[in-house]
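Since the structure comes first, as structure tokens, the remarks are kept for the end.
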Amino acid sequence: MVLLLVAHGSRDPRHAATVSALRGRLAAARPELRVEVGYLDFCVPSVPRVLERLAAEGVREVVALPLLLTRAFHARTDIPGVLREATAALPGLRVCQAGVLGPSPLLTATLERRLYEAGVRPGDRRSTGVVLAAAGSSDPEAGAVIAGVAREWERAAGWFAVRPAFASAVPPSVEDAVRALRAAGAHRVAVAPYVIAPGRLPDRIAREARLADALGDVLGAADELVSLALRRYDEAVAARLMGTGSAGAPPRIRHDKPQPAVAPRGGGERRPA
């Protein structure tokens, strides 16, 4: 079995560098598992080219894991279409699409750690408003998921408030969300980018966060993301063995306990105690 990370791709070289770092950490965490990367756009290799190469090498089973945080267009339509078209020409290769990474408390644990790294103090939660800044999608389901993540994070962590915002497609903008939190009485406002890798939209989030008191980094190749990716892979393999997995199958909402399966290594990232 091969794990294929399916990334969107970007003209920004930091995007591919982050995906490559995540691939390396996954391979190190599970040495017996072969991990490959394919892109939908902008970067190489493309998903079809990777699948062609794997089939030519004699690989017969692949789990395609979308590096996505919500089930928007790419997860429900674009990626299943690419996988179907590619495998139609490769009859000896079977591909199972894993569920998207989010929502998960593992992701909000990473967001919270990024804010602490940016200078937010845990003791200031009650007076700190947080903007959960996503890339944005015209898909209503994706927006509803981000709003749900914001509500649950506010409830579980005890922030003054957590408000969703978007870098594209739908309102509110990050700047508008920062202003709204200040107007609501937040003493401090922090922006938490709910994105995996740097690129054009994360840069827009950063620009619109100029009125905030703190800006967290992107999720990146964090310990929690490594653990979550392996969990999604294992779920897909289990579903495949039970005969219920198929490329593009709608993933269920999961409530993962924030317990990374990957122990931090020297020089690696660590979660707060």
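Computed from a predicted model, the values in this text were never measured in an experiment.
- The pair Glu57-Arg34 counts as a salt bridge, with a side-chain nitrogen and a carboxylate oxygen less than 4.0 angstrom apart.
- For the atom pair CG of Leu5 and CD of Glu36, the computed distance is 9.0 Å after rounding to the nearest 0.5 Å.
- A pairwise comparison of heavy atoms in Gly158 and Arg126 identifies O-CD, 3.5 Å as the closest pair.
- Contact of the Leu219 side chain with the Leu107 side chain is registered, since non-hydrogen atoms from C-beta on lie closer than 4.5 Å.
- Looking at Val82 and Pro48, their side chains come closer than 4.5 Å, going by heavy atoms from C-beta outward.
- Side-chain atoms of Thr18 and Pro198, non-hydrogen and from C-beta on, do get closer than 4.5 Å to each other.
- Of the inter-residue distances, the one linking Leu115 atom CG with Trp159 atom CH2 reads 5.0 Å to the nearest 0.5 angstrom.
- Side-chain atoms of Leu67 and Leu225, non-hydrogen and from C-beta on, never get closer than 4.5 Å to each other.
- Leu228 approaches Leu101 most closely through the heavy-atom pair CD2-O, 3.2 Å.
- At least one donor-acceptor pair closer than 3.5 Å links the side chain of Arg182 to the backbone N or O of Leu211.
- Checked for salt-bridge contact, Arg151 and Glu154 miss the test: no charged N lies under 4.0 Å from a carboxylate O.
- Between Val189 and Ala212, the shortest heavy-atom distance links the atoms O-CB, 3.5 Å.
- The minimum heavy-atom distance between Leu181 and Phe160, with the atom names listed, is O-CE2, 4.4 Å.
- To the nearest 0.5 Å, atom OH of residue Tyr233 and atom CG of residue Leu4 are 12.0 Å apart.
- By the 6.0 Å contact criterion, CZ on Arg14 is enclosed, its count of non-hydrogen atoms from other residues, nucleotides or ligands being greater than 12.
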Tyr39/Val44 under side chain to side chain contact (heavy atoms under 4.5 Å, CB included): CA gap, chis, key distance, verdict: CA-CA 6 Å; Tyr39 294 92; Val44 293; 6.0 Å; no
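- Put simply, the side chain of Leu83 does not reach to within 4.5 Å of the side chain of Pro80, judged on heavy atoms.
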Chi angles and distances behind the side chain to side chain contact (heavy atoms under 4.5 Å, CB included) call for Val100, Leu69: CA-CA 6 Å; Val100 296; Leu69 303 178; over 6 Å; no
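- Contact record, Val50 with Pro45: CG2-CG, 3.5 Å, taken as the closest heavy-atom pair.
- The distance from atom CG of Asp12 to atom NE2 of His15, rounded to the nearest 0.5 Å, is 9.0 Å.
- When the side chains of ILVMFWY residues are joined at heavy-atom separations under 4.5 Å, either directly or via intervening members, Val226 and Val218 end up in two distinct hydrophobic clusters.
- For Ser173 (side chain) and Asp176 (main-chain N/O), a donor-acceptor pair under 3.5 Å exists by modelled atom type.
- Using a 4.0 Å cut-off between charged side-chain N and carboxylate O, Asp203 and Arg200 make no salt bridge.
- With a 6.0 Å radius and a threshold of 12 heavy atoms from other residues, nucleotides or ligands, Arg121 has its CZ atom at or below the threshold.
- Without hydrogens or angle criteria, Arg232 side chain to Gly99 main chain gives no donor-acceptor distance under 3.5 Å.
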Derivation of the side chain to side chain contact (heavy atoms under 4.5 Å, CB included) call for Leu68 and Thr70: CA-CA 6 Å; Leu68 300 171; Thr70 63; over 6 Å; no
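- Within a 6.0 Å sphere centred on CZ of Arg11, heavy atoms belonging to other residues, nucleotides or ligands number 12 at most.
- Under a hydrophobic-cluster definition in which Ile, Leu, Val, Met, Phe, Trp and Tyr are linked whenever side-chain heavy atoms come within less than 4.5 Å, directly or via other members, Leu230 and Val37 are assigned to the same cluster.
- Judged by distance alone, with hydrogens and angles left aside, the side-chain atoms of Gln97 form no donor-acceptor pair with the main-chain N or O of Ala64 at under 3.5 Å.
- Both Leu111 and Phe166 are assigned to one and the same hydrophobic cluster, defined by single-linkage of ILVMFWY side chains at heavy-atom distances under 4.5 Å.
- Here the options are Arg231, Arg113, Arg25, Arg114, the test is salt bridge (charged side-chain N to carboxylate O under 4.0 Å, His left out), and the partner is Glu224; only Arg113 passes.
- With Arg163 contributing its side chain and Ala177 its backbone, the two residues share no donor-acceptor pair below 3.5 Å.
- For CD of Glu61, the number of neighbouring non-hydrogen atoms (other residues, nucleotides, ligands) closer than 6.0 Å is greater than 12.
- Side-chain atoms of Leu93 and Leu51, non-hydrogen and from C-beta on, do get closer than 4.5 Å to each other.
- Linking ILVMFWY residues whenever their side-chain heavy atoms come closer than 4.5 Å, directly or via other members, leaves Leu201 and Val178 in distinct clusters.
- Residues Leu90 and Ile79 fall within the same hydrophobic cluster, defined by Ile, Leu, Val, Met, Phe, Trp and Tyr side chains chained together at heavy-atom separations under 4.5 Å.
- Scanning all heavy atoms of the two residues, the minimum distance from Ala167 to Ile205 falls at CB-CG1, 3.7 Å.
- You'll find the side chain of Glu141 reaches within 4.5 Å of the side chain of Arg71, heavy atoms only.
- Using a cutoff of 4.0 Å between basic side-chain nitrogens and carboxylate oxygens, Glu112 and Arg125 are scored as salt-bridged.
- Using a 4.5 Å heavy-atom threshold, the side chains of Leu54 and Val62 count as touching.
- Side-chain N or O atoms of Thr108 include none that pairs as donor or acceptor with a backbone N or O of Trp153 at under 3.5 Å.
- Counting only distance, with no hydrogens or angles, the side chain of Arg210 and the backbone of Arg207 share a donor-acceptor pair below 3.5 Å.
- Considering CG of Leu26 and OG of Ser227, their distance stands at 9.0 Å, rounded to 0.5 Å.
- Within the 3.5 Å criterion, the main-chain N or O of Ala16 finds no donor-acceptor partner in the side chain of Ser20.
- Distance CG/Leu215 to CG/Asp217: 8.0 Å, rounded to 0.5 Å.
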Evaluation steps, side chain to side chain contact (heavy atoms under 4.5 Å, CB included), between Leu65 and Leu3: CA-CA 7 Å; Leu65 172 63; Leu3 171 58; 3.7 Å; yes
